[in-house]
Amino acid sequence: MRIAVIGGNGQLGEDVAAAFAAEGDEVISLIHEDVEVSSKESVARSLDNIRPEIVVNTAAFHHVEKCESEPAGAFAANAMGARNVAQASRSLGATLFHISTDYVFDGLKQSPYTEQDPAMPLNVYGNSKLAGEYFVRAENPRHFVVRVSGLYGSHPCRAKGNLNFVELMLKLSRERDELRVVNDEFVTPTPTVEVARQLVVLSRTTDYGLYHATSEGSCSWYEFAKAIFELSGTKVKLQPAGPGEFPAKVARPKYSVLENAALKRNGRNVFEHWRKGLEQYLLRDRKPAVSHA
Ligand SMILES: NC(=O)c1ccc[n+]([C@@H]2O[C@H](COP(=O)([O-])OP(=O)(O)OC[C@H]3O[C@@H](n4cnc5c(N)ncnc54)[C@H](OP(=O)(O)O)[C@@H]3O)[C@@H](O)[C@H]2O)c1
C-alpha cells in the first residue's frame with residue numbers, strides 16, 4: 001500500500017514511517033516544508049500528488065503553553081488542519097489515521113478513561129485537538145482517531161525542545177546532584193515504536209473509529225523518573241516534588257490515563273506495560289548519539 005505520513009520527521013512520524021516501510025509498504029514522508037496542514041490548498045496539492053491509500057496525520061501544534069497564548073494558531077493546525085486532511089483523504093478514497101491526545105480529558109475521573117468517556121478538555125491544546133477529532137469523524141468515514149499519551153522515542157519531539165522526558169531526566173542527572181519531580185500527575189508513558197506497530201495492525205482492518213492507544217499501567221512523572229534511573233543504572237538523588245512546587249502555567253489534567261478498551265475488545269491491542277516499554281527503549285531504541293553511557 002502507499003502511505004503518506006504527515007509530520008514524517010516528528011518523534012512519532014519517523015517511527016510510523018519506519019513501521020509501515022518494514023511491512024513492505026511504500027511510504028512517502030511529508031515534512032512541514034512539504035505540507036502546511038492549516039492550508040486546504042497545500043494539503044490537497046501534496047496528497048493529490050501522492051495519491052496514497054492511507055494518510056497518517058501526526059502533525060500538530062502541541063506545545064501546551066504556546067497553544068494557550070496562540071489559540072488561533074492551535075486551532076488552525078489542530079482543528080482546521082485535521083479537517084483539511086480529512087477532506088483531502090476522503091476525496092482520494094484514502095483511509096485516515098489521525099493522532100489525538102489524552103489531553104481531551106479533564107483528569108477528574110481518577111480511573112482509566114475509555115473511548116466512551118465524555119471529553120472535557122481543560123486547555124486550548126486539548127480543545128483544539130478535540131475539535132480536530134470531530135472534524136475527522138464528520139469528514140472521512142474511513143478514519144481511525146487514535147489518542148496517545150506521554151510519547152517518547154528515539155527521534156526527538158520537535159515541539160518540545162528536542163528532548164523527550166527520558167532523555168531530559170538522564171541529562172539532568174548528569175548536571176545536578178538532586179532532582180525533584182512532580183508526583184501528583186499521572187500518565188502512561190508510551191514508546192512511539194509501539195504506537196507505530198499498533199497503527200500498522202489497525203491499517204490491515206476496516207475497524208474504523210476512535211481508539212485509545214497507550215502502554216499498559218500508569219505512573220506519576222516521579223515514578224517514571226525513578227524507573228528510568230533504576231533501569232539505566234543511573235545514580236542520582238531523586239525526590240518527589242511537594243504540592244505546588246512546580247505550578248503549571250496552563251491547566252492540565254492531573255490524571256490522563258487511557259484504557260485501550262476498543263483495541264482489547266477487537267483483540268488487537270499490541271501494547272506492553274509501560275515499564276517493559278521503557279526497558280526496551282533504554283536497551284534497544286535509544287540513539288547512540290544521545291546515549292548517557
Ligand atoms: N508528544 C507527546 O507526548 C504527545 C502526547 C499526546 C499526543 N501527542 C500527539 O502526537 C502527535 C505527534 O507528536 P510528536 O511527539 O511526534 O510531535 P513532533 O515531534 O513535534 O512532530 C510533529 C510534526 O508535525 C509537523 N508539523 C507541526 N505543525 C505542522 C503544520 N501546521 N503543518 C504540517 N506539519 C506540521 C512538525 O514539523 P515542524 O517541527 O518542522 O513544524 C513535526 O514534523 C501529535 O498529534 C500530538 O498532538 C503527542
Side-chain angles (χ1 to χ4, degrees), residues 4-19 29-47 55-64 66-67 70 72-85 88 96-105 113 119 121 123-133 136 144-168 185 187-196 198-199 211-215 221 224 252-253 256-258 274 277:
V5 180
I6 301 178
N9 60 348
Q11 175 175 231
L12 177 61
E14 290 269 15
D15 281 338
V16 168
S29 212
L30 296 168
I31 66 170
H32 206 160
E33 282 164 30
D34 302 317
V35 61
E36 169 52 61
V37 292
S38 61
S39 158
K40 194 176 164 86
E41 293 70 33
S42 169
V43 172
R45 196 180 331 111
S46 56
L47 292 182
V55 177
V56 184
N57 182 15
T58 71
F61 181 11
H62 65 112
H63 188 290
V64 174
K66 281 191 195 156
C67 285
E70 300 170 35
F75 273 81
N78 300 338
M80 298 315 291
R83 180 172 186 253
N84 294 336
V85 176
L96 172 60
F97 281 84
H98 178 77
I99 306 301
S100 192
T101 174
D102 53 331
Y103 271 34
V104 298
F105 294 113
Y113 286 94
N123 54 39
V124 169
Y125 168 63
N127 274 295
S128 65
K129 292 291 285 188
L130 184 61
E133 290 188 6
V136 168
F144 295 90
V145 171
V146 181
R147 291 179 181 150
V148 301
S149 152
L151 294 182
Y152 63 95
S154 57
H155 300 278
C157 179
R158 292 174 64 85
K160 296 182 184 166
N162 283 342
L163 279 187
N164 66 41
F165 185 82
V166 183
E167 300 305 332
L168 177 65
E185 231 179 81
V187 292
T188 303
T190 300
T192 45
V193 283
E194 292 192 25
V195 176
Q198 186 68 69
L199 300 194
Y211 288 91
H212 287 180
T214 68
S215 292
W221 290 109
F224 188 37
R252 292 164 183 261
S256 61
V257 178
L258 306 182
W274 67 264

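One-based numbering, in listed order, for ligands and for the atoms of each.
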- Can you label the angle between the Phe224 ring and the Phe165 ring as parallel, tilted or perpendicular, going by 30° and 60°?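 Rings of Phe224 and Phe165: parallel, as their planes differ by under 30°.
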Are side-chain heavy atoms of [X] and [Y] found at a separation under 4.5 Å?
X	Y	result
Pro189	Val187	yes
Val136	Leu96	yes
Leu199	Phe144	no
Thr101	His62	no
Ser215	Glu194	yes

Protein heavy-atom partner closest to [atom] - residue, atom, separation in Å:
atom	value
atom 23 (C) of ligand 1	Gly7 CA, 3.7 Å
atom 47 (O) of ligand 1	Tyr125 OH, 2.8 Å
atom 33 (C) of ligand 1	Val35 O, 3.1 Å
atom 17 (O) of ligand 1	His62 NE2, 2.8 Å
atom 30 (C) of ligand 1	His32 NE2, 3.1 Å
atom 27 (C) of ligand 1	Ala60 O, 3.4 Å
atom 42 (C) of ligand 1	Arg158 CD, 3.8 Å
atom 10 (O) of ligand 1	Ile99 CG2, 3.4 Å

When you compare ligand 1 with [X], is there at least one nitrogen or oxygen pair between them that comes in under 3.5 angstrom?
X	value
Asp102	no
Lys129	yes
Gly8	no
Val37	yes

If you look at every heavy atom in [X] and [Y], which pair is closest and at what distance?
X	Y	result
Ala88	Ala44	CB-CA, 4.2 Å
Ala213	Val195	O-CG2, 4.2 Å
Ser256	Asp102	OG-OD2, 2.7 Å
Ser42	Val35	OG-CA, 3.5 Å

- Query: Under the side chain to side chain contact (heavy atoms under 4.5 Å, CB included) criterion, do His98 and Val146 qualify, and how do the steps go?
  - Reply: CA-CA 6 Å; His98 178 77; Val146 181; over 6 Å; no
Which of the atoms of ligand 1 are close to [X], meaning less than 4.0 Å from one of its heavy atoms?
X	result
Thr101	6 (C), 7 (C)
Pro156	19 (O)
Leu151	1 (N), 2 (C), 3 (O), 4 (C), 10 (O), 48 (C)
Ala159	20 (O)
Ser100	7 (C)
Ala59	24 (O), 26 (N), 34 (N), 35 (C)

- Between Ala76 and ligand 1, find which residue part has any heavy-atom pair under 4.0 Å and reply side chain, backbone, both or neither. neither
- Query: Looking at ligand 1, does Gly81 have a heavy atom less than 4.0 Å from it?
  - Reply: no
- Query: Between Val55, Asn84, Leu30, which is the residue that forms a side-chain contact (heavy atoms from CB on, under 4.5 Å) with Val43?
  - Reply: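 Only one option passes, and that is Asn84.
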- Message: I want to confirm something. Looking only at heavy atoms, which of Leu12, Thr58, Asp34 is nearest to atom 22 (C) of ligand 1?
- Response: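 Residue with the shortest heavy-atom distance to the ligand atom: Thr58.
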- Item | Pick from Cys157, Ser29, Gly10: the one approaching atom 21 (O) of ligand 1 most closely through a non-hydrogen atom | Gly10
- Between OG on residue Ser38 and CE on residue Met80, distance to nearest 0.5 Å: 9.5 Å
